[in-house]
Amino acid sequence: MDQKKIEAYFEEHREEMLRDISELVRIPSEKGEAKPGMPFGEMPAKALDAGAKLAEKLGFSVRDYDHYAVAVNLNDCPRQLDILAHLDVVPAGNGWTVTKPFEPLVQDGKLYGRGTADDKGPAVAALYAMRAVRDLQVPLTKNARLVLGSDEECGSADMKHYYSLEQEAPMTFSPDADFPVVNIEKGRYSTCVRASWAEDVRLPRILSVSGGVKSNVVPDTAQAVLEGLPVSELSVYAAEAEARTGIRFLLREENGRVVLEAHGTCAHASAPGEGNNAVTGLIDLLCGIPFADSEGFRSLCAVKKLFPHGDWKGTAAGVAMKDEISGELTMSLNLFEYRSDGLKGYFDGRTPVSATDRNLRDVFCAFARSLGLAPDDEGVSPAHHVPEDTPFVRTLLKCYEQYSGQKGKCLAIGGGTYAHHLKNGVGFGCCLPGTDNHMHGADEYAVIDELLLGAKIFTQVIIDLCS
Ligand SMILES: [Zn+2]
């Protein structure tokens, strides 16, 4: 099949494809309460129905997997390729300026709206690729199947269900990531450290510390309640810590106690360097204040030694590591609670392919115990890795290079996609290197030319793998 014909096909169908994506974006398909026949709530089910209807309108046969997912088959031949995309979205959130989250809008070559990039745009691009292969009458001997899920953002129970009924296809990609090819998704070492002690009432003292909302989000706020020191004296320490950490501290008196608020910047746990951790910043400040010596205060200072502010690579813990194919380990203390008789801190670790229980967990735990902290018993869950040098990955890279004109290469990410548990599954598209589509944030958009490029590349991939 001639590349020019494929390119012309998508220029002809550009407007129609944008209209179909926009229809799906209008459905606010964030997870809701489960109802009969709607395992993830009304809106994800509605999005699946709309996806199925669109595929049927385009002339494909569709199979519903109990409203967890729907599958669109290109033909009746033996299955060769699964394409896994999702029609659920994360909540709209605040701060949208270009348009409302569920009112898609084209501006400056971009399609704005929640789900345009993650992942409704890429899902429709894959569907249109199947349509192009059929309309251009390319003879195939194998089947490509698009599987549309509805729970990617909340645990992927949709794909668990799909794979309880279906074998893994020989090859799978998920257009829910970046171009060129994501062949490594880091592993995890995420658990909790704890300490407990008998309450000590000597002053000055810390009554409580808390911060963080989810273990996979770098926290932007944290709070402490202190007793026995005046605001005037504490502000001196706060100003010094603010200069040191970049965290903003606010102090106020309340019922004879001082409430201390810390404000940093949140980030996804897979990229802690993009945020500024309010919890570790607050601990940094507290450990510099002359509180009465107590087991509690010593334990807090031990946490600081394990997770010093600004160290999100496990350097202090002695586990910093990286390898050429997957990059650096990241480790971030994201949820923390300190009471008068104990503390616990949950951290999120994203691990390179080379991480093991021996070189990571054992080293971390030995150091934590030497500081008097008790780590929970949790092992390293290994990274997902599909070797670069397979016919499948080589074909994806070739098609990417052919249509984008850019050099193809494999990437490692700290996040996870549908492909994480598949033997021969990778992330592939639709975001080009250098594009920040505000995924999960306000003003999410997809670059329209990138969606079209994705559709053209997918068309060629289906032809190359299924002929
Ligand atoms: Zn996604």
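Note that ligands are numbered from 1 as they come in the structure, with each ligand's atoms numbered from 1 the same way. Here, residue 1 is the first one in the sequence, and each next residue gets the next number. Quick note: numbers below take in every heavy atom, side chains included, and nothing from hydrogens, waters or symmetry partners.
With a cut-off of 2.8 Å, the protein N/O/S atoms near the Zn ion (ligand 1) add up to 4.
Ionic pairing of Arg145 and Glu166 is present here: one or more N-O contacts between side-chain nitrogen and carboxylate oxygen are shorter than 4.0 angstrom.
Taking CG from Asp284 and CG from Leu282, the interatomic distance works out to 9.5 Å, rounded to the nearest 0.5 Å.
Taking the ring-ring contact (aromatic ring centres under 6.0 Å, His included) definition, one finds that His309 meets it with nothing, sequence neighbours left out. Considering only residues two or more places apart in sequence or on other chains, Tyr338 meets the ring-ring contact (aromatic ring centres under 6.0 Å, His included) condition with Trp197.
The aromatic rings of Phe307 and Phe364 sit tilted relative to each other, their planes meeting at an angle between 30° and 60°.
Listed by first and then second residue, the ring-ring contact (aromatic ring centres under 6.0 Å, His included) pairs involving residues 88-109 amount to none (not counting sequence neighbours).
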